[in-house]
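Notes follow once the structure below has been shown.
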Amino acid sequence: GSTGIVGSLAALSGTAQANWAVNMSPGVTEVSRSVFDLHMTIFLICVVIGVVVFGVMFWSMLRHRRSPDRAPAQFHESTTVEILWTIVPFVILVLMAIPATRTLIDIYDTSESDVDIQVTGYQWKWHYKYLGEDVEFFSNLATPREQIDNRAAKDAHYLLEVDEPLVVPVGAKVRFLVTAADVIHSWWVPALAVKKDAIPGFVNEAWTRIEEPGIYRGQCTELCGKDHGFMPVVVEAKTPEDYAAWLAARKAAAQAEKALGDKEWSLDELMARGEQVYERACAACHMPTGAGMPPVFPALKGSAIATGAPAGHIAIVVDGKPGTAMAAFGKQLSAVDLAAVITYERNAWGNAVGDRVTPQD
Ligand code: CUA
């Protein structure tokens, strides 16, 4: 009977969710669950229509397959049938449209948000800016290829991961203002049922209210270039207390960074800091003595790169040098660290230019 079929389908969808993972996810928000319920309702309606239509078709084919009189019955110009097959689909469509419209209105209502976050797509990473707070960062500093190499070096099982997840509080209405800086991307986290195109020059809005702390993963879902497949999204939902602590720490770090950048640095202070930066970032290739390992890693001691006009040296450190082993350090060095290491290389190992490069430069 029909209850048997509906029962089996309901059981099937439950099993699919639990074991087969072929169905969509019910997610972790009220909206994501209503999208899931909508999907299941419309799926069941379609299955019932399919069963009825094909049932009648196969029944009449089998029932009449040996009839001596094979001439088909004629319904031509039957007013009753035409009214029925107009009204029945109309009623079914209205029944589907009511919950769908309700869900859509809910999805589009981004008003009265508690937290506003600007999400900007870049080739190939995300930038998050907490509006009204002094907090912003990129999801990834390493390029996709570097991330893969890092993971291979660590012999870790490859998993799309980010350096900095987007952190949000549970229970709060979080509004996303989604845009892009270069080409069209799309920010998608299935567990939240949020998928918004990120388009340069446009701001699209979405929102979520996550109920459970946890880590929710997604990806860029608009083909955006060769590394489109390496634009993961990781959302970390924290309790309101943990979120507040995280936000305070990020703000303090941003202010400390800004204070360092504004500070008036003496030559000695820059040299001391620069030595640390040099040992961390440069010494492995250019040697602690600045002697390098020619010809692959040039000497900095006595070199024109280190002692010449700072602008050229800064450009090489920030952007790297294509075609050589010199990587770009622009994203991993703060303005202070950059100024310090340039100053250090100008004055270490007897280079003794005697001037300093400051963060303000
Ligand atoms: Cu960004 Cu695909």
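This is a predicted model, so every value here is computed, not measured. Both counts, for ligands and for their atoms, begin at 1 and track the order of listing.
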Original post:
Can you tell me if an N/O/S atom from Gln123 lies under 2.8 Å from atom 1 (Cu) of ligand 1?
Top reply: no
Subject >> SG (Cys220) - atom 1 (Cu) of ligand 1 - SD (Met231) angle, nearest 10° >> reply: 110°
**OP:** Measure the OG1-CG distance between Thr307 and Asn347 for me, rounded to the nearest 0.5 Å.
**Re:** 10.0 Å
Original post:
Quick check: does Cys224 have an N/O/S atom under 2.8 Å of atom 2 (Cu) of ligand 1?
Top reply: yes
Original post:
With respect to atom 1 (Cu) of ligand 1, what is the nearest N, O or S atom of His185?
Top reply: ND1
Original post:
Does His228 bring an N, O or S atom to within less than 2.8 Å of atom 1 (Cu) of ligand 1?
Top reply: no
**OP:** Supply the atom-to-atom distance Ile199 CD1 to Ile184 CD1, rounded to the nearest 0.5 angstrom.
**Re:** 5.0 Å
Original post:
Taking 4.0 angstrom as the limit, do Lys173 and Glu112 come out as a salt bridge?
Top reply: no
Original post:
Of Thr208, Asp116, Val115, Asp114, which meets side chain to side chain contact (heavy atoms under 4.5 Å, CB included) against Arg175?
Top reply: Asp116
**OP:** Give the atom name of whichever N/O/S atom in Glu222 sits closest to atom 2 (Cu) of ligand 1.
**Re:** O
**OP:** Kindly say whether Leu62 contributes a backbone atom to a donor-acceptor pair with the side chain of Arg65 at under 3.5 angstrom?
**Re:** yes
